[in-house]
Each structure stands twice: as structure tokens, then as C-alpha cells.
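Notes to accompany the following structure.
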Amino acid sequence: MEFWKRSHLCGDLRLPDKTSRVTLSGWVRRRRDHGGVIFIDLCDRTGLTQVVFSPEAGTEAHLTAQELRSEFVVAVRGAVRPRPEGTVNPKIATGEIEVFADGLQIINPSLPPPFPIEDEEDLQEEVRLRYRYLDLRRPAMLKNLHLRHRVAGRARRYLDEKGFWEIETPLLTKSTPEGARDYLVPSRVHPGKFYALPQSPQLFKQMLMVAGVDKYFQLARCLRDEDLRADRQPEHTQIDLEMSFVEPENIFEVVEGLVEVLFREFRGVEVTRPLRRMTYAEAMLGYGSDKPDLRFGLEIREVGEIFRESSFRVFRETLEAGGVIRGLAVPGGASLSLKQLEDLTGFCREAGAGGLLWILLKEGGALKSPIKKSLTEGELVRLREVFSCGEGDCLMLVADRPETAATVLGRLRLKLAADLKLIPKDRYEFLWVVDFPLLAYNEEEKRFEAVHHPFTSPHPEDLALLETDPARVRSRAYDLVLNGTELGGGSIRIHRQEVQQKVFSLLNIGPEEAQSRFGFLLEALRHGAPPHGGIALGLDRLLMLMAGLNSIRDVITFPKTQKAVCLTTGSPSEVDPAQLQDLHIAFVPPPGE
RNA sequence: GGGGGCGUAGCUCAAUUGGUUAGAGUACCGGACUGUCGAUCCGGGUGUUGCGGGUUCGAGUCCCGUCGUCCCCGCCA
């Protein structure tokens with residue numbers, strides 16, 4: 001069927017257009033049938049226009065309009081005219097006009113939608129994902145897609161202007177276990193061999209630096225076969241970049257400029273530069289996290305020194321065993337109930353601590369605390385000093401191993417902020433976390449693991465420690481954090497083959513293994529690799545935060561569920577046995593089936 | 001792998017201590033209506049209470065198992 005070509009979009013028309021004739025097409029969002037006169041709201045991605053069908057304008061169109069239902073696709077012809085006195089709708093952009101229709105074409109009818117196509121609907125995500133094309137048709141979702149388009153485009157333009165080349169790297173690549181689980185693709189031509197889908201373009205972009213590309217970027221799809229979260233999908237998109245002959249400062253400069261432009265142009269927010277810097281050690285001590293949320297206080301303090309002489313056995317024994325006493329002050333927390341404090345204590349136990357010690361500083365100087373008897377006046381004075389707190393506040397202390405105290409208080413801090421509603425809206429607190437340790441010891445496997453990845457350069461000042469005390473070696477890795485979310489991470493890479501070998505050996509990757517897995521990289525490093533480094537920013541997380549959302553699924557067109565299923569298409573699914581045969585694959589059911 | 005929440009009409013939800021024929025709003029269907037914009041008015045319930053088993057005179061409700069979905073821990077170089 002020949003359909004009428006539209007002359008305008010549904011959100012376009014304004015009062016000055018009143019004399020013109022137009023053709024609009026779109027979806028019938030709502031029909032208001034008054035018998036003699038019928039109104040419809042006609043929608044497309046630009047907005048909504050009211051169309052009026054009256055026998056006076058076109059009897060046939062009016063007759064056909066009676067058949068219209070929600071989400072029919074139609075074309076409408078008519079005159080744009082100002083709305084009659086008193087019927088202007090100030091709630092919509094086109095509210096001063098309407099289209100007085102003399103022609104109507106039903107291009108495609110629609111089944112009744114399973115849910116109304118509007119933003120206010122509070123729907124189960126399962127339903128949204130099953131009919132994702134309808135969910136995406138909602139204005140708020142189309143807005144998210146539009147933001148994504150504009151941010152991606154602006155990032156491209158920004159990086160282009162900074163001299164970066166956009167370069168693609170393979171999707172079918174080599175499996176490099178260590179790190180996340182790979183998605184594997186069997187090779188038909190090479191029985192028993194597999195490609196891996198990339199977890200990141202890491203090694204390719206490093207080789208591009210060896211090639212002399214100098215400045216590379218890519219909006220790279222990255223795949224990891226790990227469990228999902230609200231901010232983690234099996235596939236996500238990174239703004240991935242790499243530069244040659246650079247120090248961390250050069251990377252910071254580029255990235256800060258990028259977020260500055262994006263937040264200014266799309267959020268109207270001025271980012272204060274340079275962004276705050278914090279070492280990993282400071283972050284863990286003060287916030288109990290390597291991605292501190294700086295939108296609120298509740299900073300963690302070390303108070304072991306105050307209790308050096310404490311009569312409280314738990315404090316004394318913890319300190320003697322090399323543990324720490326840390327805590328935070330909750331402003332106004334003295335009004336917390338015993339029940340709330342018990343719940344918080346339970347929360348800390350589940351997080352791994354022995355317990356939570358609280359001290360309520362009541363009005364009039366009174367104390368309430370399970371350790372009231374052990375507390376001296378001198379200790380209290382110093383606690384008030386350290387936490388700058390006083391009457392009406394509550395102190396919460398944890399005595400434990402340093403790592404445990406950090407993570408428990410870090411989680412407690414986030415919980416308190418959420419429970420007590422201490423997190424301000426529309427605040428964007430960026431920071432760089434720097435000086436990550438290079439290695440972390442894995443107790444279960446009795447070996448070191450790379451904290452960032454195995455290609456991260458050790459801190460130049462700590463090179464000697466590689467031999468003597470690997471655990472204390474800092475790396476030249478950095479994370480960009482926004483509001484407690486890791487937006488991205490990167491590092492200066494190792495560009496010397498012998499340093500790379502050394503790090504491999506610390507990671508328990510022997511020469512043969514290094515050769516078989518990363519031989520191509522080692523070889524590249526020996527062919528004139530320049531000093532280089534880069535970063536990858538999670539585009540989905542960035543958009544989620546820019547749009548004020550709680551899940552990256554809302555900025556991804558067809559996301560997977562927590563079990564990594566696509567409810568729209570039903571993937572993953574079984575395949576034809578012939579396909580498996582082609583790939584030399586046999587299915588072995590898991591035990592018990 | 002573990003902990004927690006949810007699962008009743010197309011959608012969002014209700015249903016007393018385990019009690020009779022599982023309701024409401026909305027959507028949908030039929031009718032009326034010439035200025036609505038969440039149109040209104042009249043009429044209509046369209047259901048495998050996720051699935052399987054158990055307890056009971058009787059199960060949406062209790063128990064066991066299972067499936068799905070969401071949040072978190074582990075995991076995510």
C-alpha cells in the first residue's frame with residue numbers, strides 16, 4: 001500500500017504553522033471518541049500532536065477514525081490550526097495547535113499493547129523485556145536511546161578533535177583466561193579449537209601503539225561470561241582509548257576534558273577540574289572502598305591509638321593481634337533505636353565483622369553504649385575530636401583485621417547513607433583513585449594476581465620492591481569513579497619485554513605459558529614498543545548515571561536478565577544438531593539431567 | 001554457588017485466622033455522546049492464583065520441591 005509521506009513530525013508543529021496543511025504519521029497513543037468529534041494523540045519519537053476528526057472536515061476520515069485503537073500506525077492529512085479558545089493544553093509542547101483532519105490512512109493496525117505506552121507505568125521488568133520494542137517506544141526510553149546516541153557521537157567528535165583515530169579490533173580473538181570467563185566460539189575449520197569474544201581490546205590496542213598509531217579510540221563491545229548485576233551485563237560498551245608517550249596526567253587530561261564536555265552539554269553541569277585525586281590506600285582507609293561515594297560524609301577514621309590502653313578486652317586483643325579499630329560518626333544518630341542498632345550490628349556481622357560497637361551521645365552528655373563501662377572520659381574527648389561530633393550523634397566502631405574493618409565500614413557507610421537519606425540528588429562527585437597495588441595475594445590459590453591486569457606498569461619508585469616485597473608494589477593504574485560507581489579504569493602499560501616477563505613470573509605464569517598465551521605481545525614489545533597507556537570508560541554506566549537511573553539495562557536496547565537470557569528473542573537457545581556436528585561439538589548434559 | 005524480595009485477569013494490585021461463587025482500577029468488547037486531552041456515561045469478567053507434590057472436610061493463603069524475575073554476596077584480570 002502506498003502510504004502518505006509525512007511533511008512534519010509530531011513534535012514539530014507550533015502556532016506559526018497555523019495556515020499550513022500538513023501530513024503527519026505516527027502511532028495513535030490515545031483516542032477520545034465523543035461521537036460527533038474524535039480526538040487522537042498522534043505520537044512519534046519527537047512528541048505528540050492532537051488530531052481532530054469531525055464530519056465537517058471530512059466525513060470519511062471521521063468514519064475511519066472510529067476504527068482507530070491504541071498504537072495503530074496511521075497517516076493524517078489536514079490543516080494545522082490554533083486550538084479554539086479555552087482548549088489549549090499547556091502540558092504539551094504542541095498544545096496550542098491541533099490538526100483538523102480531512103484525511104486518514106490506517107497504515108497498520110496494532111494488537112492492544114500489553115501495557116500502556118507511557119512513562120508513568122510501573123511495570124515488572126519481565127514484561128518490559130518480553131515486549132522490549134514497546135517498552136522502548138515509551139518516551140523516557142526513547143529519550144535514553146537519544147542520549148546514548150548523542151553522548152557516543154559527542155565522545156567521537158571530542159576524541160577526533162584531540163587527534164585520536166577510531167579503529168576497530170577483532171571480535172573473534174584469542175582466549176586469555178585469568179580474569180573473567182570468556183565467551184567461546186567454536187571453530188568449524190579447526191576442530192577442537194575456539195575463538196574467544198573479547199573481554200576488552202586490551203592487547204590489540206597495545207599492539208596498535210607499537211604500530212605507531214599514537215592515539216587510538218573505539219566504542220568497543222566487551223563480553224564477559226560472569227554473573228550479572230544492576231550495573232553489569234554480559235556485553236557492554238566501553239569508550240576505549242590508548243595513547244603513546246604519555247604519563248597518567250595525559251590520560252587524566254583527555255578524560256577530564258571528555259566528561260567536562262559531556263556533562264556541560266547534556267546535563268548543564270560544570271565539572272570542577274582537575275578532578276579530585278585519592279590514593280587507593282586513602283580510599284580504603286577513609287571510605288572502605290576503592291570507589292568511594294563522595295556525595296555524603298560519614299568518613300571512616302582510625303581510632304586504635306585512642307584505645308591503646310583500653311580496658312575493653314576486644315579492643316586490646318584486636319590491637320595486639322595487629323588489627324585495627326575504625327569507625328564513623330552518624331550525625332543525629334543518637335536517636336537511633338535499639339532495634340535499628342541491632343539490625344545494623346547484624347548487617348556488619350553478615351558483612352564479616354565480629355560485631356558493631358555503638359556509642360550514643362545523648363543530649364545533656366549522657367552516654368548509651370554496650371561498652372559504656374570501659375570508656376574513659378579521656379577516650380571520649382579524643383573520639384569527639386577525631387570525629388568532630390557531639391551531643392545527638394552516634395559513633396559506630398568496628399575492631400577487626402584491617403581489610404575486614406575497611407569493607408564492613410565501607411558497606412555500613414553506604415547503607416547508612418541510603419537508610420538515612422543522606423545522598424543528595426543531582427550531585428556529581430568525580431574522583432581519580434590512583435596508586436592501586438600492582439598485585440594482590442590470592443589466599444585460596446596461594447599466588448599473586450594482578451589487581452588491574454597483567455600488563456599494568458609497576459610504579460617506577462617501587463621497581464626494586466618487585467624482587468623483595470611484591471605485595472607492596474604500587475601500580476600506575478587509575479580508576480575514574482563517579483558517585484560510588486567505577487566509571488572506568490586504566491593504566492600506563494608495561495612497554496619493556498623484560499618487565500613484562502618479570503610480572504608474568506610474579507603471577508606464576510612461567511616462560512612457556514607466557515610464550516603460548518602472550519608470546520605475540522612479548523614479541524611486539526621487543527619490536528619498538530613506545531611507552532603507552534590508556535583507559536576504558538563504561539559507556540553504559542556513564543549513561544546510567546547521567547540519566548539518573550539505577551540500572552544499565554535502561555540504557556541498553558535489549559539487555560539480558562540476571563540469568564543472561566534475552567527475554568525478547570529467547571536466547572540462548574538450542575541449535576540444530578547439524579550445526580553442532582559442523583562445529584565438532586557434542587553436548588554433555590550437566591549431572592542429574 | 002549462597003542470602004533476600006516478588007510471582008493472583010493483558011497490566012498494576014487486593015483477598016480477614018486456612019472457609020462458601022477469587023475482587024478492584026485500568027486495558028479490552030458492546031452501546032451513547034460535537035471540544036476532549038488519564039474524556040465521560042451505561043452494560044459485559046475475559047482467571048491453569050507460575051508449575052508439581054503434600055497437609056487438611058476445605059489451600060491464592062500452610063509445608064516440600066521446582067521454574068521465572070529482581071536486589072545483594074561470591075565472581076567480575
Nucleotide by nucleotide, nucleotides 67-76 of chain B touches protein heavy atoms under 4.0 Å in the pattern (B base, S sugar-phosphate only, - none) -SSBBBBBBB
Heavy-atom contacts, protein to nucleotides 26-31 of chain B, under 4.0 Å, summarised as B (base), S (sugar-phosphate only) or - (none) per nt, yield --SSS-
Same-atom distance ([atom1]) from [N] to [M], integer angstrom:
N	M	atom1	answer
B:A39	B:A22	P	32 Å
B:C57	B:U20	C1'	13 Å
B:U46	B:C41	P	23 Å
B:G19	B:G2	C1'	39 Å
B:A14	B:G7	C1'	15 Å
B:C6	B:A15	P	13 Å
B:U55	B:C64	C1'	11 Å
B:G38	B:C76	C1'	44 Å

Spacing between [X] atom [atom1] and [N] atom [atom2], to the nearest angstrom:
X	N	atom1	atom2	result
A:E118	B:C11	CD	C1'	11 Å
A:D33	B:C41	CG	C1'	13 Å
A:I509	B:A77	CD1	P	14 Å
A:I40	B:C37	CD1	P	16 Å
A:E350	B:G4	CD	P	9 Å

With sugar-phosphate meaning primed atoms plus P, OP1 and OP2, does [X] contact a base, only sugar-phosphate, or nothing at under 4.0 Å between heavy atoms?
X	value
A:D122	sugar-phosphate
A:E486	nothing
A:L123	sugar-phosphate

With stacking defined as ring centroids separated by under 5.5 Å and planes differing by under 30°, is A:H34 stacked against B:G35? no
Nearest-nucleotide check on RNA chain B, A:N89 vs A:F115; residue mapping nearer the 5' end is A:F115
Provide the Watson-Crick or G-U wobble partner of [N], both distances under 3.5 Å; none if there is no partner.
N	result
B:G68	B:C6
B:U56	none
B:A39	none
B:A22	none
B:A27	B:U46

Spell out yes or no: do the side chain of A:E85 and the base of B:G35 have one donor N/O and one acceptor N/O closer than 3.5 Å? no
Contact check, residues 45-66 of chain A vs RNA chain B, heavy-atom distance under 4.0 Å, returns A:Q50, A:E56
A:R83 has its side chain closest, among B:G35, B:C33, B:C37, to B:C37
Out of B:A77, B:G38, B:U12, minimum distance to the side chain of A:V127 belongs to B:U12
Check whether any side-chain nitrogen or oxygen of A:R32 sits under 4.0 Å from OP1 or OP2 of B:A39, and answer yes or no.
-> yes
- Query: Crowded around A:R295 CZ? As in, over 12 foreign heavy atoms under 6.0 Å?
  - Reply: yes
Closer than 4.0 angstrom, basic N to acidic O: yes or no for [X] and [Y]?
X	Y	result
A:R130	A:E126	yes
A:K291	A:E486	no
A:R476	A:D435	no
A:R493	A:E242	yes
A:E71	A:R137	yes

Exercise for review: For side-chain hydrogen bond (donor to acceptor under 3.5 Å, both in side chains), just list the numbers for A:D240 and A:Y216, CA-CA rounded to whole Å, side-chain angles, deciding distance to a tenth of an Å, and then say yes or no.
Suggested key: CA-CA 8 Å; A:D240 188 46; A:Y216 140 98; 2.7 Å; yes
Residue pairs passing the side-chain hydrogen bond (donor to acceptor under 3.5 Å, both in side chains) test with at least one member in residues 87-97 of chain A, sequence neighbours excluded, are none
When you measure from the side chain of [X] to the backbone N and O of [Y], does any donor-acceptor pair fall under 3.5 Å?
X	Y	value
A:Q500	A:P454	yes
A:T237	A:R221	no
A:R83	A:G95	yes

Considering only distance and modelled atom types, tabulate donor-acceptor pairs under 3.5 Å from the side chains of residues 31-38 of chain A, sequence neighbours left out.
| residue | atom | partner | partner atom | Å |
| --- | --- | --- | --- | --- |
| A:R31 | NE | A:L68 | O | 3.0 |
| A:R32 | NH1 | A:D41 | OD2 | 3.1 |
| A:R32 | NH2 | A:D41 | OD1 | 2.9 |
| A:R32 | NH2 | A:Q50 | OE1 | 2.8 |
| A:D33 | OD1 | A:G35 | N | 2.8 |

With sequence neighbours left out, the residues meeting ring-ring contact (aromatic ring centres under 6.0 Å, His included) with A:F436 are A:Y280
Notebook entry, point to check: Is the Lys NZ or Arg CZ of A:K415 less than 6.0 Å from the centre of A:F347's six-membered ring, within 45° of the axis?
Noted result: yes
